[in-house]
Q: 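Structure below; questions to follow.
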Number of protein chains: 2
Amino acid sequence: MKENLIWYKEILADHGIKNTRQKELILLELMQSSCHLTAEEIYQHLKTKRIGLATVYRCLKVFVNLEIVKEIPMVEVNYYELKIFSKKPLHIHFKCSNCNVMFDIDDIDINLDYIKLNEKVEKKREFEVKDANITLMGLIFCS
Amino acid sequence: MKENLIWYKEILADHGIKNTRQKELILLELMQSSCHLTAEEIYQHLKTKRIGLATVYRCLKVFVNLEIVKEIPMVEVNYYELKIFSKKPLHIHFKCSNCNVMFDIDDIDINLDYIKLNEKVEKKREFEVKDANITLMGLIFCS
DNA sequence: CTACCTGCAAAACGTTTGCAAGACG
DNA sequence: CGTCTTGCAAACGTTTTGCAGGTAG
């Protein structure tokens with residue numbers, strides 16, 4: 001898992017941004033998580049490790065600007081997910097209204113449809129699509 | 001335009017909610033707008049007409065709960081759009097990062113693809129989709 | 001009349017920022 | 001060593017709430 005950090009360090013260096021203990025902690029937290037996390041959740045997981053909430057927000061913003069991380073807005077709070085190291089550049093999010101967890105829908109067929117949809121919008125030539133969010137909300141039959 | 005309010009009044013009455021001057025003003029504002037609005041924008045348009053910002057938020061929340069209005073989250077602020085009176089139950093939003101305006105993409109072909117996508121997810125039977133948000137972000141060649 | 005609704009101001013919430021101290025390269 | 005980064009606390013912008021007065025049905 002840590003070998004992916006080679007790429008990440010290069011991206012930072014290219015932008016004159018220093019790598020720090022805190023940035024690595026946040027990135028590893030996102031890598032290890034099975035679902036998408038809020039800044040507060042990341043902070044709660046890491047606060048015993050000498051890291052402040054403001055740092056979590058600041059580093060996430062840096063990652064978003066570098067396009068390492070994607071910010072997914074919900075009505076009350078923003079979620080974050082790793083963008084690089086993922087083989088799915090475009091995919092659908094599902095947010096369970098019961099357990100409040102957000103994750104990716106991993107289905108090649110569905111994701112292909114999504115990509116086709118994006119292309120169709122782009123081809124209209126009236127728009128230049130820079131980013132997209134598809135979030136489905138509802139219930140997952142979770143424990 | 002006002003004839004649509006008959007339906008709306010029935011929905012309110014069914015839920016023991018009173019119709020008020022303020023609720024109608026907000027609803028008409030959403031009906032007349034060509035794009036989706038934030039609570040602050042609605043308030044700015046209406047503040048000369050004896051209405052408070054808190055009321056705008058409160059009424060919008062009531063409308064969202066009654067499924068008259070849809071709340072579309074963005075990173076910094078939520079947008080609102082009318083859900084009933086619209087012939088497009090499912091559609092795509094486009095937010096221009098330049099002019100900060102959000103609106104629907106009106107294209108039957110694209111919207112059909114979107115509906116098919118939703119159905120496909122539903123058919124997987126692991127999820128019960130209650131609501132969905134597709135927002136594309138980028139540039140529109142606006143003046 | 002009664003319950004629901006409003007405006008206002010204050011509070012709450014997630015997020016950002018200023019600053020002095022600390023750490024990376 | 002210089003610059004970028006951090007933690008803390010204070011500030012910010014959006015949204016919510018408590019309350020006394022107002023209004024719909």
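Naming convention: chains lettered A, B, ... in sequence-line order (proteins, then strands); numbering from 1 in each chain. Given the structure is predicted, the values throughout are model-derived calculations rather than measurements.
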Q: Name the atoms and distances for all side-chain donor-acceptor pairs under 3.5 Å in residues 11-21 of chain A, with sequence neighbours left out.
A:
| from | atom 1 | to | atom 2 | distance (Å) |
| --- | --- | --- | --- | --- |
| A:H15 | ND1 | A:I11 | O | 2.9 |
| A:N19 | OD1 | A:Y8 | OH | 2.7 |
| A:N19 | ND2 | A:E24 | OE2 | 2.7 |
| A:T20 | OG1 | A:K23 | N | 3.2 |
| A:R21 | NH1 | A:K49 | O | 2.9 |
| A:R21 | NH2 | A:R50 | O | 2.9 |

Q: Which residues pass the side chain to side chain donor-acceptor pair (under 3.5 Å) test with B:N133, not counting sequence neighbours?
A: B:K70
Q: I want to verify a distance call: between C:dC5, C:dC24, C:dG7, whose nearest atom is closest to the B:Q22 side chain?
A: C:dG7
Q: Distances under 3.5 Å only, N/O to N/O: pair up the protein atoms with those of nucleotides 16-19 of chain C.
A:
| from | atom 1 | to | atom 2 | distance (Å) |
| --- | --- | --- | --- | --- |
| C:dT16 | OP1 | A:K61 | NZ | 2.8 |
| C:dG18 | O6 | A:R58 | NH1 | 3.1 |

Q: Between B:H15 (NE2) and C:dA3 (P), how many Å, whole number?
A: 20 Å
Q: Restricting to side-chain contact (heavy atoms from CB on, under 4.5 Å), what partner residues turn up for B:S33, sequence neighbours left out?
A: B:C35, B:L37
Q: By side-chain contact (heavy atoms from CB on, under 4.5 Å), which residues pair with A:Y57, not counting sequence neighbours?
A: A:A39, A:L53
Q: Please identify the 5'-most and 3'-most nucleotides of DNA chain D with any atom under 4.0 angstrom from a heavy atom of chain A.
A: D:dG2 to D:dA9
Q: Should we say atom CD of B:E76 is surrounded by more than 12 heavy atoms from elsewhere, each under 6.0 Å from it?
A: yes
Q: Once salt bridge (charged side-chain N to carboxylate O under 4.0 Å, His left out) is applied, what residue pairs with a partner in residues 31-42 of chain A remain, sequence neighbours excluded?
A: none
Q: What integer distance in Å separates A:E40:CD from C:dT15:P?
A: 9 Å
Q: Can you list everything that forms a salt bridge (charged side-chain N to carboxylate O under 4.0 Å, His left out) with B:K61? Sequence neighbours excluded, please.
A: B:E71
Q: Check side chain to side chain donor-acceptor pair (under 3.5 Å) between B:K116 and all other residues, then give those that pass, not counting sequence neighbours.
A: none
Q: Can you name the residues that form a side chain to side chain donor-acceptor pair (under 3.5 Å) with A:H45, not counting sequence neighbours?
A: A:E29
Q: Roughly, in whole Å, what's the span from CD1 in B:I17 to P in C:dT6?
A: 11 Å
Q: For C:dA23, does the base pair up with any side-chain atom of A:K18 as donor and acceptor (N or O, under 3.5 Å, distance only)?
A: no
Q: Could you work out the complete set of other residues in the hydrophobic cluster of A:M137, with links drawn between I, L, V, M, F, W and Y side chains under 4.5 Å apart?
A: A:I72, A:M74, A:V77, A:Y79, A:M102
Q: Let me check the geometry of the helix from C:dC1-D:dG25 to C:dG25-D:dC1. What is the bend angle between the axes at its two ends, five pairs each, to 10°?
A: 40°
